[in-house]
Amino acid sequence: MFTKEIYYSRRMQLRSLMKDCRGAIVFPANNEAPMNYHSNTYRYRQDSTFKYFFSQMRDGIVGVIDLESGKDIIFGNDFTIDDIIWMGNQPTVRELAEQCKVTEIKPLDELADFLKGKKIHYLPPYRDDTLIYISRLTQQNLEETKKNASVELIKAVVALRSVKSGDEIKELDRICNVGVMMHLKVMGKCKAGEDEQKLAGLAEGIALANGAGVSFPIILSQDGQTLHNPYHNKKLAGGRLLLVDMGAEDESGYNSDYTRTLPVSGHFTKKQREIYEIVLNANLNAIATAKPDLLWRDVHFAACEDVVQGLKDLGLMKGDVKEAVQLGAHALFMPHGLGHALGMDVHDMEGLGENYVGYDENVKRSTIFGHASLRYGKALKVGNVLTVEPGIYFIPQLIDIWESESKFTDFINYAKVRQYIDFGGIRIEDDIVITHDGCRVLGNPLAKTVQEIEALLD
Ligand code: GLY
Ligand code: MN
Ligand code: MN
């Protein structure tokens, strides 16, 4: 949590960006989410934008920024003695409001009357209970409620949250260090015979012991060719690669997101090392290139070219490298983008609409398979935080389809690709902040080269 002045100043900046709008901005806090019955809930997760403007708080409250009167108001009810018997003493709404420098509070049931006749600005709801709540508040059906989220508000929030302040970067560095600790734990235990599930559990324990938990469900699998593989139910087998993609979330709301790919036997085979070096080269080049004003889309294109050049050197691809990437032939091996924005959400603000976050009037999203998955394409600015995560995957089902359709036969040597059909996948992911003269990798250094990884696994 930051000082109360920071939350106040963020709301003032939002007002300034929305100075031409009338009405009121409404930010409902996230509700508790039941696991199986009302009072048995998942870990509480506050909405990130609510947290950004009003600090942590709790469920059952709504932050309002009245653009006409200039007032910020928190609508909510204090916990009752029945709640306190079960949950212990809780801060009052007044105390919570003071933490973010809001001076006016009102009971929750006065909100509808307060908003009557006003234009209501709200962000796209990503949870159904919030959707229903806003639909009632704005007297629209659910479809209209989804469609009529405030574009002015989305753009203003994206403008503010995209550029991280020094205080935010400190939080990000801290939570990146927790991500590093999680990876080091897995590296220390990565041996044939271990259970993937056990390693995921040990890493998740570190996230919980040093923050609020994981930033997304841990990806830890020897089937790394599945990009977001949710299963970790196998035993580690000598000779295979283990792809580990995970990070932590802080109580203050910031996230980390790292991927490392480990040889279970402790040493990469020649075949694994050759592919690994291509991905590493793409990762390092992207980090060396990223700087203000450069389009992230162009850094992505350059990383795809590194991948194609490397695969061409090994005989898996052929033809003109730039042309292969422009047309999307690389996407057989890297069907995702180079990286995404990172911050209070692990895919920062994507709930507001990916294109609002990653694209603008100058850079439009590609519709070509592979490039279309690039979530962020626009020009970089000092204070942007992004992931850098090139990868090479051998996805048997995709290879079968492309080969049967004779897709990109000018660029892909399918006979050679077949020799890698059970290879799995490699991704290497770091988190960077754009600085005045380039970028800086957040957090403590984490083993990344072949030599560094093999030394840790020994
Ligand atoms: N959440 C997985 C990734 O984007 O890296
Ligand atoms: Mn990741
Ligand atoms: Mn990522």
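We count ligands from 1, going down the list as the structure has it; atoms in each ligand are counted the same way. All heavy atoms count here, side chains included; hydrogens, waters and symmetry mates do not. None of these values were measured; they are calculated from a predicted model.
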Protein contact to atom 3 (C) of ligand 1 [nearest heavy atom, distance to 0.1 Å]: Asp257 OD2, 3.5 Å

Heteroatom distance test (Arg427, ligand 1): nitrogen or oxygen, under 3.5 angstrom: no

Glu429-ligand 1 polar pair, N/O distance under 3.5 Å: yes

Glu171 versus Ser252, side-chain donor and acceptor atoms under 3.5 Å: yes

Any donor-acceptor pair under 3.5 Å from Arg174 side chain to Tyr254 backbone: no

Enumerated ligand 1 atoms positioned under 4.0 Å from heavy atoms of Phe216: 1 (N), 2 (C)

Atoms of ligand 1, numbered as shown, that sit under 4.0 Å from any heavy atom of Asp245: 2 (C), 3 (C), 5 (O)

The Mn ion (ligand 3) - closest N/O/S atom in His340: NE2

Glu389: its N/O/S atom lying closest to the Mn ion (ligand 3) (atom name): OE2

For atom 2 (C) of ligand 1, closest protein heavy-atom neighbour: His228 NE2, 3.2 Å

Asn177 side-chain N/O to Asn444 backbone N/O, donor-acceptor pair under 3.5 Å: yes

Val346 touching ligand 1 at heavy-atom level, < 4.0 angstrom: no

Neighbour count >12 (heavy atoms, 6.0 Å) for atom NZ, Lys322: no

cation_pi(Lys271, Tyr420) dist<6.0 Å, angle<=45: yes

Arg418 and Asp400: CA distance, side-chain angles, deciding distance, salt bridge (Lys or Arg N to Asp or Glu O under 4.0 Å) verdict: CA-CA 9 Å; Arg418 286 271 155 213; Asp400 287 347; 2.8 Å; yes

Shortest-distance N, O or S atom of Asp257 relative to the Mn ion (ligand 3): OD2

Sub-4.0 Å heavy-atom contact, His347 with ligand 1: yes

Minimum-distance atom from the Mn ion (ligand 2) among N, O or S atoms of Asp245: OD1

N, O or S atom of His347 closer to the Mn ion (ligand 3) than 2.8 Å: no

Ligand-residue contact atoms, ligand 1 with His340, heavy atoms, under 4.0 Å: 3 (C), 4 (O), 5 (O)

Tyr8 atom OH, neighbour heavy-atom count above 12 within 6.0 Å: no

Distance-only donor-acceptor check, side chains Asn31 and Asp129, under 3.5 Å: yes

Heteroatom N/O/S of Glu429 within less than 2.8 Å of the Mn ion (ligand 2): yes

Any donor-acceptor N or O pair under 3.5 Å, side chains His330, Glu305: no

Distance-only donor-acceptor check, side chains Asp345 and Ser48, under 3.5 Å: yes

Within reach of ligand 1, part of Thr259 (heavy-atom separation under 4.0 Å): neither

